[in-house]
Amino acid sequence: MKRYTREDIIRMVREDDVEFIRMQFTDIFGQLKNVAITASQIEKAVNNEIMIDGSSIEGFVRIHESDQYLRPDVDTFAILPWRPQHGRVARLICDVHNPDGTPFAGDPRGVLKRVLKKAADMGYSFNVGPEMEFFLFQTDEAGRPTTLTGDEAGYFDLGPLDHGESTRREICMSLEQMGFEIEASHHEVAAGQHEIDFKYADALTSADHIMTFKLAVKTLAQKNGLHATFMPKPVFGINGSGMHTNMSLFRDGKNAFADPADSRGLSHEAYCFIAGILAHVRGMAAITNPLVNSYKRLVPGYEAPCYLAWSAGNRSAMIRIPAARGMATRVELRCPDPSCNPYLTMAVCLAAGLDGIERDMTPPAEITGNIFAMDSADREARGILSMPGTLKEAIDCLKKDEVICDCLGEHVLHQYVEGKEKEWDAYRTHVSAWETDRYLVMY
Ligand code: GLU
Ligand code: MG
């Protein structure tokens, strides 16, 4: 649904005392980028005439082909509530295009749009509702982040145990001012860990929301003297942070995953979608769980999934079907973590699910027992595979998965794999404190 025209944007900038407009986009590794323009440039901006030099952006382009144009999506216009309210700051989320007007192949938002178009051609729209978890840590005298929380609260606890409560409240209020519908916010299991859930939306809006969410959380934490992190496993021995991703396909305004005639209330398409995700989830892992550190979260014992299974109830399975049915029928994928690029994550999830539908795949049997309580022989007997154990294994799985490679396209795939292989190599050759603690005296 269209909210604004170009003329609306020009008018709002004038009437709402907007002084700066941040033209935002995301690089392939999920970092938000922006170029700020002044209000005098707004007509140029809505006419797609703002140029950037893509050569200095990770994974974008080489120096000799560096000019790119930003095409703002006018429906994303929003005022940043945490900036001064006189001479205000607004933002527009942009698509990146080549000088000849074609979409730039390295723009993650463009990758998602491509898969959404494929879904639309098959008659589907794709809705996503993420559950964002993060930590709020204290900073030291120099303002540097620590991993101390000063917080002994646990799941669903409330103040005064929960020191992050007022920060969380400010985050929710700011996001509401930006048009978010916040459904729930609570303290998570670990000390200093929080979760805020916002209402599901079409995948593109949802991915834009995730980028806005991360910026808001980091900015407002900093204003409160705290450091917010979406690092998947910041502290050994306690829960990490996930980005459980709730997904559904709609057709003709109805939820295509719902079928009241089925014993679980799920449609044939829902089963195929689940099967497609399970068939590709190892190939998707380098995108959904992109850091060396992501694989330290995907270990048994901390409510994060490590085994490839689905279940209608069981939280130990990687795919869970939450109890709600009818319009709210959905598939919850529990492996993604909030350090991922949300555009690429939604693109690969959709591509995998659609592959399941196109090939009419059947999922393996539902696992109702606690998978964490099974030993490896039990799991092997039931054919339950594991997620990749390291970023290296995930990169190798990605390279072998044609559907996921196709979905990303050659440009993103190449740049992404190259960047992640470098990251792995830097980690692999680094001598860590764990090693010196363990070996220095013993050998
Ligand atoms: N923090 C857990 C994870 O890493 C999830 C906890 C929950 O079920 O919300 O995925
Ligand atoms: Mg949670």
Side-chain angles (χ1 to χ4, degrees), residues 128-137 147 149 151 153-158 162 164-165 167-168 171-172 175 182-200 206 209-210 213-214 217 228-247 277 281 284-285 287-324 330-340 342 345 349 367 370-373 386-391 394:
V128 177
E131 299 170 26
M132 300 295 288
E133 294 180 337
F134 58 93
F135 279 82
L136 292 176
F137 289 123
T147 51
T149 63
D151 167 8
Y155 198 57
F156 278 10
D157 280 344
L158 56 157
D162 175 1
E165 205 172 60
T167 306
R168 216 171 58 211
I171 294 168
C172 291
L175 289 171
I182 304 293
E183 291 192 324
S185 83
H186 61 85
H187 198 288
E188 253 300 340
V189 173
Q193 193 184 27
H194 301 266
E195 175 172 324
I196 298 178
D197 304 326
F198 42 87
K199 190 177 163 51
Y200 78 87
S206 227
H209 277 166
I210 291 172
F213 179 85
K214 290 197 212 180
V217 169
T229 185
F230 293 94
M231 179 179 176
K233 185 84 172 185
V235 182
F236 169 72
I238 59 174
N239 272 19
S241 293
M243 187 186 93
H244 301 172
T245 304
N246 292 271
M247 304 178 275
I277 296 272
V281 78
M284 288 155 45
I287 302 291
T288 55
N289 303 84
L291 308 184
V292 163
N293 181 258
S294 296
Y295 296 85
K296 304 198 170 172
R297 165 177 167 255
L298 300 178
V299 298
Y302 302 99
E303 299 182 282
C306 0
Y307 307 115
L308 277 60
W310 73 279
S311 166
N314 180 358
R315 278 190 160 73
S316 69
M318 170 172 295
I319 293 180
R320 191 173 76 93
I321 315 296
R330 61 191 188 269
V331 167
E332 175 191 341
L333 183 64
R334 294 172 63 84
C335 52
D337 72 55
S339 68
C340 71
T345 287
C349 286
I367 304 290
N370 180 358
I371 307 165
F372 294 131
S386 300
M387 273 297 264
T390 60
L391 179 60

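Counting starts at 1 for both ligands and their atoms, following the listed order. Note that this is a predicted model, so its numbers are computed, not measured.
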Problem set entry | Residues which pass side chain to side chain contact (heavy atoms under 4.5 Å, CB included) with N246, listed by chain and number, not counting sequence neighbours | E131, P322, R330, E332
Exercise. Of all the atoms in E131, is at least one N, O or S atom closer to the Mg ion (ligand 2) than 2.8 Å?
Worked result: no
Exercise. Strictly under 2.8 Å, is any N, O or S atom of E303 next to the Mg ion (ligand 2)?
Worked result: no
Exercise. Which of parallel (below 30°), tilted (30 to 60°) and perpendicular (above 60°) describes F198 and F213?
Worked result: tilted
Problem set entry | E195 versus S185, side-chain donor and acceptor atoms under 3.5 Å | no
Problem set entry | Proximal heteroatom of E133 relative to the Mg ion (ligand 2) (N/O/S) | OE2
Exercise. What about the rings of H194 and H186, do their centers lie closer together than 6.0 Å?
Worked result: no
Problem set entry | the Mg ion (ligand 2) - name of the N/O/S atom of E188 that sits closest to it | OE2
Problem set entry | R297, any N or O under 3.5 Å of ligand 1 N or O | yes
Exercise. Got an N/O contact under 3.5 Å between G240 and ligand 1?
Worked result: yes
For this session: Would you mind naming the N, O or S atom of E195 nearest to the Mg ion (ligand 2)?
Result: OE1
Exercise. Just by distance, do the side chain of K233 and the backbone of I238 share a donor-acceptor pair under 3.5 Å?
Worked result: yes
For this session: Please indicate whether any nitrogen or oxygen in E133 is less than 3.5 Å from any nitrogen or oxygen in ligand 1.
Result: yes
Exercise. Which residue, I319, I277, V281, T345, forms the side-chain contact (heavy atoms from CB on, under 4.5 Å) with C335?
Worked result: V281
For this session: Tell me which part of H244 gets within contact of ligand 1: side chain, backbone, both or neither, using heavy atoms under 4.0 Å.
Result: side chain
Residues 299-310, side-chain donor-acceptor partners within the protein, below 3.5 Å, at least two apart:
unit_1 : atom_1 : unit_2 : atom_2 : d
E303   : OE1    : N239   : ND2    : 2.9
Y307   : OH     : R379   : NH1    : 3.3
W310   : NE1    : P364   : O      : 2.7

